[in-house]
Every structure is written in structure tokens, then in C-alpha cells.
Amino acid sequence: MKKLIRHLFMGAGVVLALLVVSITGLYLLGKYSESHPRMACYGSEDFVALRSKMKEMLESGNIDGAVVERESPTIQKALDLCALGKKNESRALLMGVLMDAAFQSDEVYARKVNGTSRADGKSRTAKKGTPHGDPDHPRETRHPLKRYELIAKAKAPGSWESVTGQLTFVVNSECVPEGFHSRGWLVPNVAYSFAMKRTDDDTWKGYFYRDALQDENYFGLGTCHWDAAHVAANFTVHGTAFHQLAMLYFGEAATFEEKESYFLKSEFLKAQPDRSEVMGFSHYDPDTSAYPERYFTISARVQKAAQ
């Protein structure tokens, strides 16, 4: 019996020692984070959300390793800005990474938006007609036919100030000269907002046309064909936007599956004066399942609609 008691005390001593070491380690890690702002920023909500979103995009095939490599310097710059206390500038860069990631890789852009390669080595200088029109101010199609519906759901802990749809159009790469860039993209692009109507407590619907813009030969390299490439729902409260992507691109490989993100209830309930937009978390983030009471979801999807 004495031997058993001695072993029990020894076991308890080991557990206590491990507990002390763990607590000390956490304390030192916290102190290290305080003295090393980059580490503190790396573990902040913005960068955690970025990592979970990038992982989700990688696994879904919307981006590839080349995109991650190209975006790495921008992410490092955002980390530097965060460490200097410039949170707004840092967040703006991270938003740009998420919004433009799929269009920073020539191969991914070509494969998913128009099915051809911009890196095929073929010349883009052969003239095919006289250039005309302004891609920054495209003309509208008189009788559009391709009507689609955006359906968004938000189980927020309160009321929204506004809900709108956002639609970005791009043209096919074959009609664009090499080296072209516009607003960070490889091809001409324009963005529009459209109305969303509330249909029940948690659901909003809005409509748009894929063929709303008129095709033209802007560069003399052949006709540029406009198509929708980015459809999203924007929910706003306290002047801060909660942005949920519904579709990144149209095309043969496009999917119409519902996309969902997790947002912190605290960011909804309390005004964020230093943030014009907050980033959502994907289901890959372990906190969303470990602490579901801290989050609410916003989902969005696109489907064909009757004329």
C-alpha cells in the first residue's frame, strides 16, 4: 500500500510539474508575442481568416501553388504593416489577396475563365479589325437573355443596414494584348451593384444578367466577350461590410454550389470604426466548430432564373 501511495504521489508530482511548465510556456509565449508584433499579428483574426480561406481555395482548385507563391510577398508586406500598427493598411492588402488571388495566376485564370492559356507563347499582336469602344465604359446589351438569381442567407444576431449584390464582369484573354493590367487583373473588368430583396427573416434575393454588356473589339485583336466572373452578396451593419462570395467565375467547369463563411458575432454587434470590411472564416478554422456560439454564418449561391 505504501508503495502504491508513493507511486500516486510521484504521478501527481509529474502532472503538477507538466502543468507548471505548460502555464509557464504559455506565459512566455504571450510575452514573446507582445515583444514580437509579427508573431502577434500572425495569430490575429485577420491572418487566421486569410489562411483558412486560402486553404479552402487551394483544396477547391480555385487557386494553385503558383498563386500562393505570387501572393506571398503581399502577405509578408501586410504582416509588416500590421507589426507597425498599421492595421487598416494591412487589412486592405489581405482583402486584395482574397479578392484577386484566382486571377493572379495566368494558368488558373485562363483555364477557369476562358479555357485557354495566356502563357502559350502565341503572339497577341496580330490585328483583327479596327479597335473601337472603351472597356472601362462598356455599352449595355439591348436585350440580355442570360438571367441569373443570387440567393443569400444570413443568420445574424441582429438587423442589417443594407444588403446588396455585387457583380464583376471580365473579358476573354485572347482579345487582350500581353502585359495588360487593370485594377490588379489581367483583363479589362468592371463592377456593378444590384438590388437584393428580402424574402424571409434570413434570406435575400437579387437578379442579374451574364450578357448585360455588349461585346466589342477594344484592342483590334478580335472581339472581346464580356462575362460575369465574380458574384457576391454584401451585408452591411455599423458601416462595416460582411462580404460573401457566391461564384468566382462562369464557364464549363463552374459550380453552382452554395458557399458559406463564418463571421464573429462580436464584429456584428460592436461597431468597427477602423474597419470598412471584415473577413469571414471557413469551416477549416477549428474555432468555428470548437466555439460555434461565437459565430454566425452567411451563405450565398447563384442559379439560373426565368426571364
Side-chain angles (χ1 to χ4, degrees), residues 40-60 62-63 75 78 82 87-102 150-168 191 193-194 196-206 230-248 257-302:
C41 286
Y42 188 77
S44 67
E45 291 175 358
D46 285 346
F47 284 87
V48 170
L50 175 75
R51 291 195 294 276
S52 67
K53 283 292 187 181
M54 292 290 276
K55 180 179 179 181
E56 182 179 41
M57 293 172 74
L58 269 170
E59 295 196 359
S60 65
N62 284 333
I63 63 174
I75 296 172
C82 176
K87 299 293 181 63
N88 287 339
E89 292 91 334
S90 173
R91 190 171 297 116
L93 286 180
L94 296 183
M95 290 293 184
V97 168
L98 289 178
M99 293 292 288
D100 300 329
L150 172 62
I151 304 171
K153 296 182 179 181
K155 300 184 181 299
S159 300
W160 297 99
E161 294 173 357
S162 66
V163 180
T164 58
Q166 180 181 317
L167 173 63
T168 300
S193 294
F194 58 93
M196 297 285 285
K197 183 179 180 180
R198 192 170 191 172
T199 58
D200 63 35
D201 290 345
D202 301 323
T203 307
W204 287 258
K205 295 182 179 181
H230 185 281
V231 187
N234 279 332
F235 290 79
T236 304
V237 66
H238 306 305
T240 300
F242 292 69
H243 181 88
Q244 177 56 45
L245 180 70
M247 179 167 282
L248 187 61
E257 297 176 354
E258 185 176 69
K259 294 177 176 58
E260 183 179 67
S261 294
Y262 294 77
F263 296 87
L264 287 167
K265 291 180 180 178
S266 59
E267 293 183 329
F268 177 97
L269 296 171
K270 186 177 180 180
Q272 308 288 323
D274 62 332
R275 307 175 71 174
S276 60
E277 184 174 348
V278 297
M279 290 192 293
F281 299 80
S282 79
H283 65 278
Y284 289 104
D285 191 284
D287 279 2
T288 59
S289 56
Y291 308 102
E293 70 280 359
R294 298 179 182 178
Y295 298 87
F296 71 95
T297 60
I298 299 179
S299 62
R301 64 184 175 91
V302 169

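Everything numeric here is computed off the predicted structure, so don't read it as measured data.
- The aromatic ring centres of Y262 and F296 sit 6.0 Å or more apart.
- Inspection of the Q244 and S261 side chains reveals an N or O donor paired with an N or O acceptor under 3.5 Å.
- No side-chain donor from either of D285 and T288 sits under 3.5 Å from a side-chain acceptor of the other.
- The structure places CE of M247 at 11.5 Å from CG of L167, a figure rounded to the nearest 0.5 Å.
- To the nearest 0.5 angstrom, E277 atom CD is 6.0 Å from H243 atom NE2.
- Using a distance-only test at 3.5 Å, with no hydrogens or angles considered, a donor-acceptor pair links the side chain of K265 to the main chain of E293.
- From M279, atom CE reaches atom CG of L264 across 11.0 Å, with rounding to the nearest 0.5 Å.
- Under the side-chain contact (heavy atoms from CB on, under 4.5 Å) rule, M196 has a single partner from T203, I151, V163, N234, which is V163.
- Among all heavy-atom pairs drawn from A300 and L150, the shortest one is CB-CD1, 4.2 Å.
- Looking at K153 and E260, their side chains never come closer than 4.5 Å, going by heavy atoms from C-beta outward.
- Judged by distance alone, with hydrogens and angles left aside, the side-chain atoms of E258 form no donor-acceptor pair with the main-chain N or O of S299 at under 3.5 Å.
- Between W204 and T199, the closest side-chain pair of non-hydrogen atoms is not below 4.5 Å.
- Between the K259 side chain and the A246 main chain, a donor and an acceptor come within less than 3.5 Å of each other.
- Between V278 and F242 there is a side-chain heavy-atom pair separated by less than 4.5 Å.
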Legend entry - side-chain contact (heavy atoms from CB on, under 4.5 Å) evaluation trace for F194 with T164: CA-CA 6 Å; F194 58 93; T164 58; over 6 Å; no
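- Residues F263 and F268 keep their aromatic ring centres 6.0 Å or farther apart.
- Note that the CD1 atom of I298 and the CG atom of L245 stand 12.5 Å from one another [nearest 0.5 Å].
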